[in-house]
Amino acid sequence: MTSQPIARPEGPADGGHFGSWAADNLPPLYPDRAPWGTAQPLRAWQQEALTQYFETEPRDFLAAATPGAGKTTFALRLASELLRRGTVRRITVVAPTEHLKQQWADAAHKAGIRLDPDFANADGDYPRQYHGVVVTYAQVAARASVHERITTSAPSLIILDEVHHAGDALSWGDAVLEAFGPATRRLSLTGTPFRSDTSPIPFVEYVRDERGVRLSQTDYAYGYEHALRDGVVRPVLFMAYAGTMQWRTSMGDEMKATLGHGDTKDITNGAWRTALDPGGEWIQQVLRSADVRLTHVRQAVPDAGGLVIATDQAQARQYAQLLRGISGEEPTVVLSDDPGGSERIEAFSKGTQRWMVAVRMVSEGVDVPRLAVGVYATSSATPLFFAQVIGRFVRSRHRGEVATVFLPSVPPLLTLAAELERQRDHALDREQPDDQLLEDDLMAAAEKGDKDDREPAPFTWEPLESSATFDRVLFGDAEFGQLVEPATEEEMDFIGIPGILDAEEISDLLKRRHARQAARIRDRPPAQEAPEPLYRNMREERQLLNSLVAIVAKRRGEAHALVHAEARRVCGGPPVAQASMQQLRDRIHYLRRLVDRR
């Protein structure tokens with residue numbers, strides 16, 4: 001199909017350039033959420049990035065800016081200038097999801113650029129009254145030749161939003177290269193750490209460092225730390241919850257562990273998975289605490305909303321039922337395969353409803369600026385996914401708004417929370433997964449038998465019991481608070497922090513409340529609790545020992561009795577039935593070291 005000339009809108013009455021008035025007056029953070037005291041039409045980082053771009057006008061430019069900083073405005077201002085100069089005449093925006101296509105088209109309209117978000121591959125080309133289209137990466141992968149024809153029909157600017165998605169599959173990357181290789185200009189945008197795997201991303205330059213590792217090269221970077229200093233994003237409080245978990249493994253062994261203790265990965269995975277079970281007390285208590293926090297925030301920010309990120313659709317529905325009972329209000333539920341999901345997200349964004357529950361659809365790019373409280377109820381723990389989720393809460397509307405995210409007190413998540421300000425590059429050469437962090441499929445694999453097992457396991461993984469304790473607050477690189485029971489004054493010291501504070505005020509208040517909590521706990525007379533019967537403690541130690549023996553035996557392909565004999569030979573003592581508490585603990589310590597060597 002032959003492309004038609006593109007109609008350009010008339011300029012302003014004073015003869016300004018194409019799209020200039022609209023683009024110049026686009027607020028720094030679409031839609032219409034310029035921060036306090038902003039008189040200039042662009043934020044300093046946006047102007048600096050544009051100046052850097054037009055000094056050299058490269059064919060490819062990669063801009064990394066923290067979520068909520070205003071990447072859309074930057075991209076559309078750049079597009080407007082390239083159109084004005086006649087450098088390009090067509091624009092294609094590639095977004096990760098269908099929902100984001102509409103957001104891009106609406107933002108472009110405010111900049112005087114008309115983009116068609118309803119373009120279908122079968123159309124072949126778009127109507128002449130548009131300046132371009134908005135498509136998804138999946139749409140490009142389905143018919144790369146259509147998009148190549150559009151790209152070559154006139155000088156084109158390609159805007160690749162959250163460009164790491166181009167590496168989601170080899171076929172996607174190949175399609176993006178085919179469709180947009182001939183483009184006159186390409187602008188790649190990202191707001192999160194790059195991929196956690198080693199899939200190369202099209203049009204991204206990789207340079208070897210001193211270790212020979214190929215790292216992605218960003219042309220302009222505006223990180224969370226810088227944006228926080230500028231007041232562009234909200235500060236984030238992380239409320240971490242520990243607790244005691246009990247579950248049955250697929251081998252039939254009963255396990256008991258404390259969430260957040262320095263256990264092996266297998267035990268951490270099991271405890272974490274148990275904590276997220278909707279039938280357990282841990283998640284129910286965390287949801288109750290999060291709802292109390294949301295109530296406090298809404299005293300200062302009446303439309304503040306909360307978001308729960310779930311591992312799968314079944315859990316999302318169950319969490320929604322729990323929240324209905326806790327808050328007395330029906331939550332919005334958004335599932336990844338729900339055709340009405342975009343409409344529900346938009347309605348929630350414009351309303352005043354308390355809670356939304358989602359699986360992955362709201363993890364990236366979706367703009368719901370009133371989100372102020374989050375519950376990280378998923379087992380995904382890569383830097384990419386974590387940053388995407390936290391990015392939903394940092395978008396600032398007014399000075400002093402604070403974001404609060406509740407999460408399990410497990411080392412991978414605590415590490416990511418403490419390193420929120422860390423700048424990451426995408427590495428193509430790694431011997432192991434990024435930071436050895438966990439992902440959903442690894443969590444599930446830890447509870448399944450090997451493919452080579454001759455017989456299926458006689459049991460299925462089963463959560464038995466869970467309880468929650470408030471562990472600590474993480475803010476920046478500092479920690480505050482200590483283990484206390486939920487729904488106590490000590491927990492409320494932190495949950496009840498006002499919803500309007502700047503970063504310095506938050507830090508000072510946390511220090512004071514940390515000191516007050518410590519003094520209150522120190523001065524309280526010790527509780528006179530009856531000790532557990534010896535047989536109960538011995539039973540728990542034997543269960544843990546047997547579970548560790550099962551893990552080691554499975555990895556080696558040996559009988560359990562051989563591993564028991566080895567632990568007894570190394571650590572000494574009689575058989576398990578006659579071993580003392582200390583002898584059992586010595587063997588547990590020995591086996592844990594073996595597991596950790598893997």
Task: Test side chain to side chain contact (heavy atoms under 4.5 Å, CB included) applied to Ser188 and Leu62, step by step - done: CA-CA 5 Å; Ser188 298; Leu62 172 60; 3.7 Å; yes
Open item on the list: Run Leu413 and Phe238 through side chain to side chain contact (heavy atoms under 4.5 Å, CB included) and show every step you take.
Closed with: CA-CA 10 Å; Leu413 294 184; Phe238 290 99; over 6 Å; no
Task: Criterion side chain to side chain contact (heavy atoms under 4.5 Å, CB included) on Leu189 and Glu162, from CA distance to verdict - done: CA-CA 5 Å; Leu189 305 173; Glu162 302 298 351; over 6 Å; no
Task: Stepwise side chain to side chain contact (heavy atoms under 4.5 Å, CB included) check, Leu237 with Val402 - done: CA-CA 8 Å; Leu237 292 168; Val402 178; 3.9 Å; yes
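Arg59 CZ to Leu187 CG: the interatomic distance, rounded to the nearest 0.5 Å, is 14.0 Å. Atoms CG and OG1, on Leu78 and Thr73 in that order, are 12.5 Å from each other to the nearest 0.5 Å. One distance of note links OH of Tyr376 with CG of Leu307; it measures 11.5 Å at 0.5 Å rounding. Going from atom CG of Leu228 over to atom CG of Asp502 covers 9.5 Å, rounded to the nearest 0.5 Å. The CG atom of Leu100 lies 8.5 Å from the OG1 atom of Thr72; values are rounded to the nearest 0.5 Å. How far CG of Leu160 is from CD1 of Ile201: 10.5 Å, rounded to the nearest 0.5 Å.
Of the charged side-chain nitrogens involved, at least one lies within less than 4.0 Å of a carboxylate oxygen, so that Glu57 and Arg85 count as a salt-bridged pair.
Phe386 is not listed as a side-chain neighbour of Val389, based on a closest heavy-atom distance of 4.5 Å or more. In this structure the side chain of Asp174 never reaches within 4.5 angstrom of the side chain of Glu178, judged on heavy atoms. Between Pro302 and Thr352, the closest side-chain pair of non-hydrogen atoms is not below 4.5 Å. Residues Val88 and Leu83 have side chains in contact (heavy-atom distance under 4.5 Å, counting atoms from C-beta outward). Between Thr151 and Ile158 there is a side-chain heavy-atom pair separated by less than 4.5 Å. The shortest distance between side-chain heavy atoms of Val301 and Glu401 falls below 4.5 Å. Side-chain contact between Val140 and Val94 is present, with at least one heavy-atom pair separated by less than 4.5 Å. Using a 4.5 Å heavy-atom threshold, the side chains of Pro58 and Thr56 count as touching.
Arg90 forms a cation-pi arrangement with Tyr126, by the criterion of a distance under 6.0 Å to the ring centre and an angle within 45° of the ring axis. The cationic atom of Arg114 (NZ for Lys, CZ for Arg) does not lie both less than 6.0 Å from the six-membered ring centre of Tyr130 and within 45° of the ring axis.
Between the side chain of Gln46 and the backbone N or O of Gly70 there is at least one donor-acceptor pair closer than 3.5 Å. A donor-acceptor pair under 3.5 Å is formed between the side chain of Thr295 and the backbone N or O of Asp291. Judged purely by atom type and a 3.5 angstrom limit, Thr66 has no side-chain atom pairing as donor or acceptor with the backbone of Ala69. Looking at Thr332, its side chain never comes within 3.5 Å of a backbone N or O of Met356 through a donor-acceptor pair. In this structure, Lys101 contributes its side chain and Val135 its backbone to no donor-acceptor pair below 3.5 Å. With hydrogens and angles ignored, the 3.5 Å screen pairs a side-chain donor or acceptor of Arg234 with a backbone N or O of Phe393. A donor-acceptor contact shorter than 3.5 Å is absent between the side chain of Arg143 and the backbone of Gln139. Not a single donor-acceptor pair under 3.5 Å links the side chain of Gln313 to the backbone N or O of Val359. A donor-acceptor distance shorter than 3.5 angstrom exists from the side chain of Arg370 to the backbone of Gly351, with no hydrogens or angles considered. When atom types are taken as modelled, the side chain of Ser153 and the backbone of Ile150 share a donor-acceptor pair closer than 3.5 angstrom.
For Arg354 against Ser327, the heavy-atom pair with the smallest separation is NE-CB, 3.9 Å. The nearest pair of heavy atoms linking Thr378 to Leu276 is C-CD1, 3.6 Å. Considering every non-hydrogen atom in both Val297 and Ala304, the closest pair reads CG1-CB, 3.7 Å. Here the closest non-hydrogen pair linking Leu335 and Ala316 is CD2-CB, 4.0 Å. Closest approach of Ile159 to Ala79, counting heavy atoms only: CD1-CB, 4.5 Å. Contact detail for Leu474 and Ala240: the closest heavy-atom pair is CD1-CB, 4.2 Å.
For Glu148, there are no salt bridge (Lys or Arg N to Asp or Glu O under 4.0 Å) partners two or more places apart in sequence or in a different chain.
A donor-acceptor contact closer than 3.5 angstrom links the side chains of Asn121 and His147. Between Trp45 and Asp230, the side chains place no donor N or O within less than 3.5 Å of an acceptor N or O (distance only, hydrogens not considered). Residues Thr404 and Arg293 bring a donor and an acceptor atom of their side chains to less than 3.5 Å of each other. There is no side-chain donor-acceptor pair under 3.5 Å between Tyr319 and Arg324.
A salt bridge (charged side-chain N to carboxylate O under 4.0 Å, His left out) with Asp303 is found for exactly one of Arg397, Arg298, Lys350, namely Arg397.
Ring pair Tyr220/Phe61: centre-to-centre distance not below 6.0 Å.
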